[in-house]
Amino acid sequence: MIADRSVFDDKYAPQRLLHRDAAVDRLATALAPTKRGQQGDDLLIEGSPGVGKTVLARHTLSQLSERHDLDYTHVECMGASTASIIREVLAAVGPKPATNTPLEDLCLSLRERVEDPLVVILDEASDIHDTKALDRLADVTGISLVVICYDAAEWLTHAPRRITHRLHGQTLTLDRYGTDELADILEPRAEKGLDHGVVARRQLEMIADEVAGIARFGIYSLLAAATLAQDRDHHTVRDEDVAGAYPLAREWMRQAALDSLSFHHHLLYALVRDAGEIDGETLHDRYDAVADRAYDGRSRTPLAERSQRRKLRKLDEYDLVERLGSTRDRRYAVIDQSVRSGYDIDLSRVLQSGLQD
DNA sequence: TATCCACCGGAATTTATGGAAG
DNA sequence: CTTCCATAAATTCCGGTGGATA
């Protein structure tokens, strides 16, 4: 049933980028000056999560770099500091700088090293609160910025003045795909990733419609449908497999998010999940109660309350836990009970004290 | 309704880690 | 090997806030 899982991976680059011709042109036009050795125009790409912003930027830049020897680098900005962003760009144009090089020196050598035009893709730039990195990159002649975020207007209000000036009128909005368009995108994935003929075009359209044009969700759903069909010993994907695929696809996306986080997050997640819904004070207490045993034999040590709250905020950002209420009435609950930590976390002590209460 | 109080989260400060220079 | 320096992570500090109490 499933011939090649990697086809459904986030990192998989399709040979052809379907239904994004206008967007590709727009980006290519902005970067056209680089063909003459000049700095390209900046571009701000906005769109809902999963509609293909990163794929568009990577695909287009990889083509331009092949055809015109254009240099580019892709920087994941989520949670990155000013220095780490500069450091990463610097690493792309030369040897990796030492970890204790001062920020000022990094900026100086970046200016020295960038001779030819360089395109920097700032991905997940929504939460660059530390706008110094933008200023620093804008200082360097030759660097053009491709900024990827969810909401351009919102992003621009937080950006430094000179950046908003540079990006004025340079916003590219990626809309969700139409049903037929997304079905077109799913088709080659089915061809490559699944055995021949196991899924019908009509079913791809069902998926495309259900996921409301969100490509990533659609791709995961296709894999989920095939997985269910395989588990149920079906020879081809049936409509009932498609119907059951969506919750599974969502679960996988959340599970991947949780897996990417640290043990601290996992322990807090497990406590919230176990409780169903829990207020801050009780959660902190239970954390303390299990901390000694849970962290035993691990390299990390238990966190103070403030740090626990920061981890919980992260879990919220990753759509794993929801935080209800604002201050004293804050309560936490996991969003999908079927997502669970891969760590073997023993909460028996908490359960005992919970029964005693 | 006024006051109290404990949680929340921003900001400042400290600690842990690791590479480079002396 | 020791000292120095820079960053990231964690902690401490503290004002804001809104439910609780009288």
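These numbers come from the heavy atoms of this one structure, side chains and all, not from hydrogens, waters or symmetry mates. Letters A, B, ... mirror the listed sequences (proteins, then strands); counts begin at 1.
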Along nucleotides 17-22 of chain B, 5' to 3', which nucleotides get a B, which get an S, and which get a -, given that the test is a protein heavy-atom distance under 4.0 Å? -BBS--
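- Residues passing the salt bridge (Lys or Arg N to Asp or Glu O under 4.0 Å) test with A:Glu281, sequence neighbours excluded: none.
- By the ring-ring contact (aromatic ring centres under 6.0 Å, His included) test, A:Tyr343 is found to be paired with A:Phe263, A:His266, residues two or more places apart in sequence or in another chain being considered.
- For A:His264, the ring-ring contact (aromatic ring centres under 6.0 Å, His included) criterion is met by A:Tyr295, not counting sequence neighbours.
- The residue A:Arg323 sits close only to the backbone: its heavy atoms come under 4.0 Å of sugar-phosphate atoms, none of a base.
- A:His74 meets the ring-ring contact (aromatic ring centres under 6.0 Å, His included) test with no other residue; sequence neighbours excluded.
- Here A:Glu115 pairs with nothing under the salt bridge (Lys or Arg N to Asp or Glu O under 4.0 Å) rule; sequence neighbours left out.
- Evaluation of the side-chain contact (heavy atoms from CB on, under 4.5 Å) rule for A:Ala224 yields A:Ala245, A:Leu248, A:Ala249, A:Trp252 as partners, not counting sequence neighbours.
- Neither OP1 nor OP2 of C:dA9 sits under 4.0 Å from any side-chain N or O of A:His264.
- Under the side chain to side chain donor-acceptor pair (under 3.5 Å) criterion, A:Arg202 pairs with A:Asp239, not counting sequence neighbours.
- Taking the salt bridge (Lys or Arg N to Asp or Glu O under 4.0 Å) definition, one finds that A:Asp329 meets it with nothing, sequence neighbours left out.
- For A:Arg254, the salt bridge (Lys or Arg N to Asp or Glu O under 4.0 Å) test picks out A:Asp319, with sequence neighbours left out.
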Along nucleotides 14-22 of chain C, 5' to 3', which nucleotides get a B, which get an S, and which get a -, given that the test is a protein heavy-atom distance under 4.0 Å? ----B----
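- Annotation: cation-pi geometry not satisfied between A:Arg58 and A:Tyr72 (NZ/CZ under 6.0 angstrom from ring centroid, within 45° of ring axis).
- Near DNA chain B, meaning a heavy atom under 4.0 Å from it, residues 296-307 of chain A has A:Arg306 in order of number.
- On a pure distance criterion of 3.5 Å, a polar donor-acceptor pair joins the side chain of A:Arg310 and the base of C:dT11.
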